[in-house]
Number of protein chains: 2
Amino acid sequence: MSSYSPSETSDKTGFSIDTLRYYEKIGLLPGIARNAAGRRVFSDDDLRWLDMLRCLRETGMPIAEMLRFTELARGGAGTLQERVELLREHDRRVEEQIARLRAQQAQIQWKIGVYRDAAPVCPSIWTPDWAPV
Amino acid sequence: MSSYSPSETSDKTGFSIDTLRYYEKIGLLPGIARNAAGRRVFSDDDLRWLDMLRCLRETGMPIAEMLRFTELARGGAGTLQERVELLREHDRRVEEQIARLRAQQAQIQWKIGVYRDAAPVCPSIWTPDWAPV
DNA sequence: GTTTGACCTGGAGCGCGCTCCAGGTCGCAC
DNA sequence: GTGCGACCTGGAGCGCGCTCCAGGTCAAAC
């Protein structure tokens, strides 16, 4: 089996049917086949491409850039270098994202510590938890 | 110095003045002082609170939940346990976020490798880079 | 031959988190 | 006393990424 209806594709990829249509419409899914009745027929390659799109999307790549990537991919081997550069740049951004999240997580955990330490102290007196970082 | 005009606060926190007004309006910044002319006066505590808000916001907490956290913080010491629970739950989500990003980053790097390996091969022939994950 | 249900299209609508705008009020500099 | 610039308010508007809708087509089931 290597061709899938819209609803099968939706099930397999987690994208809603509406999103699949939207992605095809804006150009993120060029060359989706159609059957005699005009209905979309997705291939295994399409599913793999959707998997890549999801990865890029969920790591915060804007649709405009995914579109550029898609156009490069359609451009064939001559665009490989550009694709590598685009993905490298994105990889750097993901790295930064992770680093920032780690730092922010430390702040959250520190705050949890502040609250835990404050908890047993003077339960009847107003403590100005309000504001301290 | 421990009181700041809107523009100073904007400079120090990175939030735009419009966002500061918006946050006050929806309840994320209760109790912002005003001077005789009705203008906002931010304190060091306000700046620290804004710092916390930014941390929560940038780690993906929706405004509705930040609002709940703000209300708890205003509620005084009696809400410490709830605040700890809320932050712990958020901390878990941040942890998941980081784990997902790491996995997705691996996928991106793998794809970069695929492209790099493909690069020197048959530059004149159409290679179906299109689709492979 | 009719019903059903999955699919089609173009286009409107939505939720979030701001961002911008018009029209007004101050306080200070000149 | 005029100008300027920072600030005020309520409310409209926006950009993104979908999501929903109305009205239609087609194929298989009964």
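Numbered from 1 within each chain, the chains take letters A, B, ... in sequence-line order. Only a predicted model underlies this, so the values are computations on that prediction, with no experimental measurement involved.
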Note: B:Glu65-B:Arg57 ion pair, threshold 4.0 Å (strictly below) | no

Check step by step if side chain to side chain donor-acceptor pair (under 3.5 Å) holds for A:Gln105 and A:Arg102.
-> CA-CA 5 Å; A:Gln105 190 183 37; A:Arg102 278 264 171 253; 2.9 Å; yes

Do any N or O atoms from the side chain of B:Ser10 and from the backbone of B:Pro6 form a donor-acceptor pair under 3.5 angstrom?
-> no

For nucleotides 5-12 of chain D, list the nitrogen or oxygen atoms of the protein found under 3.5 Å from its nitrogen or oxygen atoms, one pair per line.
from	atom 1	to	atom 2	distance (Å)
D:dA6	N3	B:Arg39	NH1	3.3
D:dA6	N3	B:Arg39	NH2	2.9
D:dC7	OP1	B:Ser5	OG	3.3
D:dC7	OP1	B:Ser7	N	3.4
D:dC7	OP1	B:Ser7	OG	3.2
D:dC7	OP2	B:Ser7	OG	3.4
D:dC8	OP1	B:Arg40	N	2.7
D:dC8	OP1	B:Arg40	NH1	2.8
D:dC8	OP2	B:Arg21	NH1	2.9
D:dC8	OP2	B:Arg40	NH1	3.0
D:dC8	O5'	B:Arg40	NH1	3.4
D:dC8	O3'	B:Arg34	NH1	3.4
D:dT9	OP1	B:Arg34	NH1	3.2
D:dT9	OP1	B:Arg34	NH2	3.2
D:dT9	OP2	B:Arg40	NH1	3.2
D:dT9	OP2	B:Arg40	NH2	2.6

C:dC18, D:dC18, C:dT19: which one has an atom nearest the side-chain heavy atoms of B:Tyr23?
-> C:dC18

Measure from CD1 on A:Ile32 to P on C:dC7 and round the result to the nearest Å.
-> 14 Å

Residues two or more places apart in sequence or in another chain: which of them pass side-chain contact (heavy atoms from CB on, under 4.5 Å) with A:Asp18?
-> A:Ser16, A:Arg21

So ring-ring contact (aromatic ring centres under 6.0 Å, His included) across residues 51-103 of chain A, not counting sequence neighbours, yields A:Trp49-A:Phe69

Name all residues meeting the side-chain contact (heavy atoms from CB on, under 4.5 Å) criterion together with B:Glu24; count only those two or more places apart in sequence or in a different chain, and write none if there are none.
-> B:Leu29, B:Ile32, B:Arg34, B:Arg40

Can we say A:Asp45 and A:Arg48 salt-bridge, meaning some charged N sits less than 4.0 Å from an Asp/Glu carboxylate O?
-> yes

Quick one: list whatever passes side-chain contact (heavy atoms from CB on, under 4.5 Å) with B:Phe15, sequence neighbours left out.
-> B:Thr13, B:Thr19, B:Leu20, B:Tyr23, B:Leu50, B:Arg54

Nearest whole angstrom, please: distance from the C1' of C:dC18 to the CE of B:Met66.
-> 12 Å

Length of the line joining A:Tyr22:OH and C:dG13:C1', which is rounded to integer Å | 14 Å

May I have the distance from B:Ile63 (atom CD1) to C:dT19 (atom P), rounded to whole angstrom?
-> 11 Å

Are OP1 or OP2 of D:dT19 and a side-chain N or O of A:Thr19 less than 4.0 angstrom apart?
-> yes

Could you check which residues of residues 94-101 of chain B get a heavy atom under 4.0 Å from DNA chain C? Sort them by number, please.
-> none

Between A:Arg83 and A:Glu71, is there a salt bridge with N-O shorter than 4.0 Å?
-> no

For DNA chain C, whose closest nucleotide is more 5', that of B:Met61 or that of B:Ala36?
-> B:Met61

Between C:dC28 (C1') and B:Asn35 (CG): distance, integer Å | 14 Å

